[in-house]
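Notes to accompany the following structure.
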2 protein chains.
Amino acid sequence: MDTSAIFTQEPSEPGSVRREATAAILAAAERVFSRGGFEAARMAEIAAEAGLPKANLHYYFGTKERLYAAVLEDIVTQWLDAAAEWIVPERHPAEALSGYVRAKLADARVRPGASRIFAGELLRGAPLVMPFLRGELRRRVEAMGRVIESWSARGLMDKVAPAHLFFAIWAMTQTYADFDVQIRAVLGEDGAHEDETFAAATATVTALVLKGCGVHAAA
Amino acid sequence: MDTSAIFTQEPSEPGSVRREATAAILAAAERVFSRGGFEAARMAEIAAEAGLPKANLHYYFGTKERLYAAVLEDIVTQWLDAAAEWIVPERHPAEALSGYVRAKLADARVRPGASRIFAGELLRGAPLVMPFLRGELRRRVEAMGRVIESWSARGLMDKVAPAHLFFAIWAMTQTYADFDVQIRAVLGEDGAHEDETFAAATATVTALVLKGCGVHAAA
DNA sequence: GTCTATATGAAGATAGAC
DNA sequence: GTCTATCTTCATATAGAC
């Protein structure tokens with residue numbers, strides 16, 4: 001073991017302890033909140049997973065609700081990027097929609113907890129994310145809706161109700177994270193067939209969206 | 001007011017008080033559990049909505065968990081009937097799938113609380129409905145899957161992964177109950193355009209399913 | 001800045017009168 | 001069978017030593 005790092009180490013960059021602690025707390029909180037939502041989560045459990053005393057959580061975040069809000073903020077921020085990357089007028093709808101579906105399904109698989117926390121927040125009536133839903137999300141859906149309409153106008157796909165198409169895509173993809181337990185139970189999974197399940201899900205959802213919207217194969 | 005009913009009334013049919021009380025408790029419990037799931041629900045709140053003292057809930061149902069289980073049982077029982085009515089080999093898939101989608105969307109609109117309670121239970125990891133998922137539901141999906149495959153074999157629709165098709169249908173329809181708050185926020189609803197929203201949802205989901213599965217119009 | 005030990009309040013459950 | 005009053009438990013939050 002190289003112990004020289006002790007000597008070459010910076011004399012504690014300001015906020016480095018804070019940054020590591022808050023990062024550990026946020027990661028632990030995402031895991032715990034994803035299991036049973038806000039109410040079921042216990043501050044003591046989050047503290048234990050973060051490897052810190054319970055009092056530190058209150059020191060850094062004040063209340064349970066503010067910690068939960070910080071986790072939600074994290075999730076929502078990353079949420080919008082995938083859509084902005086794929087749903088752009090320059091792409092052909094075949095590429096855009098299949099790419100978006102694939103990205104959403106991959107995210108549901110890699111980071112199911114984030115989707116579940118968001119789902120739980122909506123089920124509760126969205127007390128905390130309501131401003132986001134009515135503001136930023138609504139504007140994004142309107143903008144993406146105009147992209148869809150431009151594709152329809154160019155004859156690249158059928159006319160559809162754009163917002164409802166997004167509701168459908170979100171529902172079909174996020175169900176693999178949110179209701180994962182149901183899917184495993186019905187398919188009788190022991191975890192061994194994960195790759196086939198993912199492939200079948202991708203094929204099914206992509207086909208429903210592309211053929212369902214009458215998207216012509218890209219030239 | 002006709003007070004003669006006091007005299008003509010039966011001398012209290014056995015169990016009628018019990019039946020009315022348990023029905024009131026179950027109805028109140030479904031409303032309260034649908035708002036924030038098991039953990040967030042308060043026995044005092046259910047009692048208040050049922051118009052009964054809190055102790056009566058414990059008298060009739062023992063614990064909060066058993067009351068919750070009774071509500072879930074109610075929901076799950078009604079759950080399977082719609083599927084059994086529509087997904088049968090005698091029907092043409094165009095009629096069967098569109099009828100099933102319409103029934104699920106109508107249910108999501110009329111009884112959104114039931115869908116939300118089930119969603120919350122799945123999000124928690126399905127501690128109580130797991131036996132149902134692995135047993136009855138799994139068998140039903142397998143049976144309905146054979147119906148789908150028979151339609152494909154007869155050339156009435158494309159070959160699809162039947163279980164994933166059902167996951168997609170459930171997701172797209174139940175999202176209108178579970179994430180109702182998000183849909184209203186994005187569409188900017190004040191409750192005035194409910195009928196148009198329902199019509200657009202039905203049209204969009206039906207088109208995605210029928211065209212997505214390559215179902216030919218019924219002869 | 002960090003953590004132990006404790007206060008405070010709330011919710012599920014029950015004892016016991018009616 | 002019904003309900004009031006109370007017990008018990010436990011989770012959030014904080015006070016105060018280090």
Side-chain angles (χ1 to χ4, degrees), chain A residues 9-72 117 120-121 124 127-128, chain B residues 9-72 117 120-121 124 127-128:
Chain A
Q9 202 178 356
E10 295 297 320
S12 89
E13 323 84 278
S16 87
V17 175
R18 171 174 224 97
R19 213 172 307 126
E20 274 179 43
T22 53
I25 292 168
L26 281 171
E30 182 170 320
R31 285 195 299 278
V32 174
F33 281 128
S34 79
R35 297 208 277 262
F38 177 75
E39 286 274 351
R42 300 293 167 232
M43 292 296 270
E45 202 182 347
I46 298 172
E49 288 225 12
L52 289 167
K54 205 174 46 157
N56 292 29
L57 276 58
H58 286 101
Y59 174 71
Y60 285 117
F61 290 94
T63 68
K64 181 186 180 184
E65 187 171 345
R66 284 223 293 279
L67 172 55
Y68 176 72
V71 172
L72 272 176
I117 291 173
E121 170 68 6
R124 301 199 317 150
L128 284 175
Chain B
Q9 203 175 355
E10 295 297 318
S12 87
E13 321 83 280
S16 86
V17 175
R18 172 177 224 97
R19 213 172 309 127
E20 274 180 43
T22 54
I25 293 168
L26 282 171
E30 182 171 320
R31 285 196 298 278
V32 174
F33 281 128
S34 79
R35 297 210 275 262
F38 178 77
E39 286 274 351
R42 302 293 167 231
M43 292 296 269
E45 203 181 348
I46 298 172
E49 288 225 9
L52 289 168
K54 202 174 50 154
N56 292 30
L57 275 58
H58 286 100
Y59 174 71
Y60 285 117
F61 290 93
T63 69
K64 182 186 180 185
E65 187 171 347
R66 284 223 294 278
L67 173 55
Y68 176 70
V71 172
L72 272 176
I117 291 172
E121 170 68 6
R124 301 199 318 149
L128 285 175

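Reminder, nothing fancy here: chain letters follow the sequence lines and each chain counts from 1.
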Legend entry - Spatial distance of atom CG (B:N56) from atom OG1 (B:T22) [nearest 0.5 Å]: 11.5 Å

Legend entry - Nearest-neighbour nucleotide for the B:L52 side chain, C:dC3, C:dG12, D:dC3 considered: D:dC3

Legend entry - Salt bridge present between A:K64 and A:E45 (N-O < 4.0 angstrom): no

Legend entry - Note, B:R35 side chain near A:R124 side chain (heavy atom, < 4.5 Å): no

Legend entry - Heavy-atom side-chain contact between B:E65 and B:L128 under 4.5 Å: yes

What integer distance in Å separates [X]:[atom1] from [N]:[atom2]?
X	N	atom1	atom2	result
A:R42	D:dC10	CZ	P	11 Å
A:L57	C:dT2	CG	P	12 Å
B:M43	D:dC3	CE	P	15 Å
A:E20	C:dG1	CD	P	14 Å

Inset, instruction - Kindly assign one of parallel, tilted or perpendicular to the pair B:F33 and B:Y68, based on the angle between their ring planes and the thresholds 30° and 60°. - result: perpendicular

Inset, instruction - Go through the steps for A:R42 and A:V32 under the test side chain to side chain contact (heavy atoms under 4.5 Å, CB included), then give the verdict. - result: CA-CA 8 Å; A:R42 300 293 167 232; A:V32 174; over 6 Å; no

Regarding [X], tell me which of base, sugar-phosphate or nothing describes its non-hydrogen contacts under 4.0 Å with the strands shown.
X	answer
B:A21	nothing
B:A41	sugar-phosphate
A:Y60	sugar-phosphate

Inset, instruction - Under 4.0 Å from any atom of DNA chain D, heavy atoms only: list the residues of residues 62-72 of chain B that qualify, in numerical order. - result: none

Legend entry - Trace of the side chain to side chain contact (heavy atoms under 4.5 Å, CB included) decision for A:L26 with A:F61: CA-CA 10 Å; A:L26 281 171; A:F61 290 94; 4.0 Å; yes

[N] phosphate, OP1 or OP2: any side-chain N/O from [X] under 4.0 angstrom?
X	N	result
B:N56	D:dT2	no
B:Y59	D:dC3	no
B:R18	D:dG1	yes
B:H58	C:dA13	yes

N/O-N/O pairs, protein side and nucleotides 5-7 of chain C side, under 3.5 Å:
none

Inset, instruction - Check the pair B:K54 / B:I46 against side chain to side chain contact (heavy atoms under 4.5 Å, CB included), numbers first and verdict last. - result: CA-CA 8 Å; B:K54 202 174 50 154; B:I46 298 172; over 6 Å; no

Legend entry - Pair B:E121-B:L72, side chain to side chain contact (heavy atoms under 4.5 Å, CB included): steps then yes or no: CA-CA 9 Å; B:E121 170 68 6; B:L72 272 176; 3.8 Å; yes

